[in-house]
Q: 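Please read through the structure below; I'll follow up with questions.
Chain letters run A, B, ... following the sequence lines, proteins first, then strands; residues in each count from 1.
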2 protein chains.
Amino acid sequence: MLTVDSDRRRRPTLDTVAAAVGVSRATVSNAYNRPDQLSSSLRERILETARSLGYAGPDPVARSLATRSSAAVGFMLPQGLSGAFSDPALSIVLDGLASTVDGHDHSLVLMPGDATGGPRPSIVARAQADVMVAYSLPDSAPALEAVAARGLPLVVIDQPVLPGSARVEVQDYVGASLAASFLLSLGHSRCAVLTFALHPDGVSGPASPQRRSAVPFRVSRDRLGGYLDTLEKAGVKPDNVPVWEARGSDRELGRLGARWLLTRTPRPSALLCASDQLAFGALQAARDLNLTVPRDVSVVGFDDVPEAAYSDPPLTTVRQPLADKGRRAGELALKLLAGGRPPRPTRLDVSLVERASTAPRA
Amino acid sequence: MLTVDSDRRRRPTLDTVAAAVGVSRATVSNAYNRPDQLSSSLRERILETARSLGYAGPDPVARSLATRSSAAVGFMLPQGLSGAFSDPALSIVLDGLASTVDGHDHSLVLMPGDATGGPRPSIVARAQADVMVAYSLPDSAPALEAVAARGLPLVVIDQPVLPGSARVEVQDYVGASLAASFLLSLGHSRCAVLTFALHPDGVSGPASPQRRSAVPFRVSRDRLGGYLDTLEKAGVKPDNVPVWEARGSDRELGRLGARWLLTRTPRPSALLCASDQLAFGALQAARDLNLTVPRDVSVVGFDDVPEAAYSDPPLTTVRQPLADKGRRAGELALKLLAGGRPPRPTRLDVSLVERASTAPRA
DNA sequence: TGGCGTGGCTGAAGCGCTTCAGTCATGCTG
DNA sequence: CAGCATGACTGAAGCGCTTCAGCCACGCCA
């Protein structure tokens, strides 16, 4: 019967095993880490004895201290977990990262963020990881300084460069332009924008001109910029484009924002949504208001999460390679760990996927 | 300018600082951990010197070794991350856990599972955590043995007892009965069941009688059992109840399963879904088939995730206190860490929430 | 026979920190 | 003024492991 004995007082150590077998501690260590350093018969005997003594292998912490490596990568999030995981895009990125990291027998330490838009510095200072990955933190988050203070290698996803760090990012600005141009080509000049947080203060609402400038989140900044610049080039004044800022990126927040946008006068004929989740919310809001998509209003998302292909109607959206992003970040992290210099930023491509949520202006 | 210097060769240590200030290493340690042990002027001087030397505080690994505590809780998942986080119920639980753990300056180490229905034992053996939380692993997952081998305290969520471990669980069987009784009371005797994985082998499809028995996931077992037993008591033979087993718990899998169930002849007049996500998929499937919920078919979910109140139609479902579950697990973990004996299992209540996805049989 | 490469094992020096039993002034009490 | 708390600081013993320079015996070659 499997029993949990949490009495840690007198757990066996390498020495216990060494003494029991009658060899040196170094040899027992080798039995676990360098099988080629001892005869296989002795190794067998050691492992056997260890088992019978209830020794579960070298203690991870002591091992980390001795090797100066904790075999873990830290992941810093801009928000708490529940908010974060209602965003499938993040889940996919994280999964890509996890599988890479996991494949190299490294583990993943999660550092949820708080209202400041990143994990508390004390958390970062104490995290047992030897490389950090920052996901979409606001510019100059305190967490980033904490990483620098520790001298840990850093890879940032969807963020501005930090000297000495590796980076993977997506052509958000280009993607947003793509979306806007497409709507313009369909004749939609009365567009509205539904975006997730521009500032880390947890506020939802119409985005005033002030809030639209000096946006600390690079992704939000680039997507919003891509939309507005493109519209402007076509002669649409940014100030005339209604923008709703949702404090997060989930359906419900999207629905709320879209309801507001779709009840402006004149009603926008198309919605540019900064994420698919927000777009799904927008589809819902349209239904709530008895509007038909795309007849009454066109909707375009961003991300191309798997579900975008199955929504009602299927979503026109900007595809970005989410899983790749995570994998790349993982590879970069491992490379930095191995002592590599930070390579040039990895830029991933975006493309527009046309589905059924958009149509020429009626 | 914030710069990342990942050159870890010559980082300052406690000794460096001690030497610079001209005090003993113990005193510097105290400056960080026991401010009351030295004069505040000296402490100030030490901290100042540390800062100027680029010393970011005691190394977490060394500290862990010395204190025999790594200030981290490990979270073992039954599946990979992306699958896991498409399940909002899990996100909420995890968030509850994280906030508790985080509030005590502990971090969270994630151990994603693989095809075996849990993390690989090697991952568990090397994880730097001093208490483990297992979430809905199958009975006798290898990961659990690895935990036992290390002698780490364990708290299990939604799983059978393990001697020596703490446990938090929900009255799944009762909840499932509630749902089934409710449908029966509305006159639905032709019910079908849409459940998530009964076995960890990643198979989706109609669940044969063999697959319905010896189910290793406690939650699946209890919910399915609650449904079928209740129906049987009302005279409905379990063998006549179609059951679809989805390999995971997301909308798309739910939609697939529901499509199959709703195209049986005779068509079921009600669907018992083991999670809200599956139920949302079922609502979608009904729409796809031009069926109106609840007129043509009633649907009941399980979990009561926030979105259940907003779906179209709003979902009748079994409520379980998800965030509580996570928080409780966190508290238990911390209590075990503090040396407490495992308390009696925490059982959380369930209740039925009636919304608009159910109606009397036509 | 002497020299030498080699496989198999060990001793001991760390890794960077915490902690606890002291030491030593200092000020207070009676 | 002896006696004694008290506050401030230190020395040294670990925490459990990795690693590397050796050491030793053995067999092989010339």
Q: Expressed in angstrom and rounded to an integer, what is the separation of A:Asp36 atom CG from C:dC9 atom C1'?
A: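 Spelled out: CG on A:Asp36 to C1' on C:dC9 is 13 Å.
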Q: Please classify the nucleic acid contact of A:Val61 as base, sugar-phosphate, or nothing, using heavy-atom distances under 4.0 Å.
A: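 Nothing, no nucleic acid heavy atom in range.
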Q: Applying ring-ring contact (aromatic ring centres under 6.0 Å, His included), can you list everything that pairs with B:Tyr55, at least two apart in sequence or on another chain?
A: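 Checked B:Tyr55 against ring-ring contact (aromatic ring centres under 6.0 Å, His included); matches are B:Tyr32.
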Q: Provide the full list of salt bridge (charged side-chain N to carboxylate O under 4.0 Å, His left out) pairs with a residue in residues 12-36 of chain B, sequence neighbours left out, each pair given once.
A: B:Asp15-B:Arg25
Q: What is the distance, rounded to the nearest whole Å, between atom CG of B:Asp130 and atom P of D:dC15?
A: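 So the two atoms are 18 Å apart, to the nearest Å.
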Q: Can you see which heavy atom on B:Arg167 is nearest to which on B:Pro345, and at what distance?
A: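 Looks like NH1-CG, 3.3 Å.
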Q: Would you tabulate the side-chain donor-acceptor contacts of residues 112-124 of chain A under 3.5 Å, counting partners in other chains and residues two or more places apart, or write 'none'?
A:
{"unit_1": "A:Asp114", "atom_1": "OD1", "unit_2": "A:Thr116", "atom_2": "N", "d": "2.9"}
{"unit_1": "A:Asp114", "atom_1": "OD1", "unit_2": "A:Thr116", "atom_2": "OG1", "d": "2.8"}
{"unit_1": "A:Thr116", "atom_1": "OG1", "unit_2": "A:Gly118", "atom_2": "O", "d": "3.3"}
{"unit_1": "A:Arg120", "atom_1": "NH1", "unit_2": "B:Asp102", "atom_2": "OD2", "d": "3.2"}
{"unit_1": "A:Arg120", "atom_1": "NH2", "unit_2": "B:Asp105", "atom_2": "OD1", "d": "3.2"}

Q: Rounded to whole angstrom units, what separation is found between the CD1 atom of A:Ile46 and the C1' atom of C:dC9?
A: 10 Å
Q: Nearest whole angstrom, please: distance from the P of C:dG7 to the CZ of A:Arg43.
A: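 Answer to the nearest Å: 18 Å.
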Q: Kindly write out the residues that satisfy side chain to side chain donor-acceptor pair (under 3.5 Å) with A:Arg347, not counting sequence neighbours, or none if the list is empty.
A: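 A:Arg347: side chain to side chain donor-acceptor pair (under 3.5 Å) contacts with A:Glu169, A:Gln171.
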Q: What are the atom names and distances for every N/O pair under 3.5 Å that joins the protein to nucleotides 17-19 of chain C?
A:
{"unit_1": "C:dC17", "atom_1": "OP1", "unit_2": "B:Tyr55", "atom_2": "OH", "d": "2.5"}
{"unit_1": "C:dC17", "atom_1": "OP1", "unit_2": "B:Asp59", "atom_2": "N", "d": "3.0"}
{"unit_1": "C:dC17", "atom_1": "OP2", "unit_2": "B:Leu14", "atom_2": "N", "d": "2.5"}
{"unit_1": "C:dC17", "atom_1": "N4", "unit_2": "B:Arg25", "atom_2": "NH1", "d": "2.0"}
{"unit_1": "C:dT18", "atom_1": "OP1", "unit_2": "B:Asn33", "atom_2": "ND2", "d": "2.7"}
{"unit_1": "C:dT18", "atom_1": "OP1", "unit_2": "B:Arg63", "atom_2": "NH1", "d": "3.3"}
{"unit_1": "C:dT18", "atom_1": "OP2", "unit_2": "B:Ser29", "atom_2": "OG", "d": "2.5"}
{"unit_1": "C:dT18", "atom_1": "OP2", "unit_2": "B:Asn33", "atom_2": "ND2", "d": "3.3"}
{"unit_1": "C:dT19", "atom_1": "OP2", "unit_2": "B:Arg34", "atom_2": "NH2", "d": "3.3"}

Q: Please classify the nucleic acid contact of B:Leu38 as base, sugar-phosphate, or nothing, using heavy-atom distances under 4.0 Å.
A: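 Answer is sugar-phosphate: B:Leu38 comes under 4.0 Å of backbone atoms only.
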Q: Pairing donors with acceptors under 3.5 angstrom, does anything connect the side chains of A:Gln128 and B:Ser64?
A: yes
Q: Using rotation axes that map the C1' atoms of four end pairs onto the next four (five pairs an end), what angle separates the end axes of the helix from C:dT1-D:dA30 to C:dG30-D:dC1, to 10°?
A: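 Between the first-five-pair axis and the last-five-pair axis there is 50°.
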Q: A:Ala71: which residues meet the side chain to side chain contact (heavy atoms under 4.5 Å, CB included) condition with it, sequence neighbours left out?
A: A:His106
Q: Under 4.0 Å, counting only non-hydrogen atoms across every strand here, what does A:Thr27 touch: a base, just sugar-phosphate, or nothing?
A: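 Counting heavy atoms under 4.0 Å across all strands, the contact made by A:Thr27 includes a base.
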Q: List the residues meeting salt bridge (Lys or Arg N to Asp or Glu O under 4.0 Å) with B:Arg51, not counting sequence neighbours, and say none if there are none.
A: B:Glu48
Q: What is the distance from CZ of A:Arg68 to C1' of C:dG16, rounded to the nearest Å?
A: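 In whole Å, C:dG16 C1' lies 10 Å from A:Arg68 CZ.
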Q: To the nearest Å, how far apart are A:Gln37 CD and C:dT6 P?
A: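 Between P of C:dT6 and CD of A:Gln37: 14 Å.
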Q: Under the rule for side chain to side chain contact (heavy atoms under 4.5 Å, CB included), what residues qualify as partners of A:Pro35, not counting sequence neighbours?
A: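 Result, side chain to side chain contact (heavy atoms under 4.5 Å, CB included) vs A:Pro35: A:Arg43.
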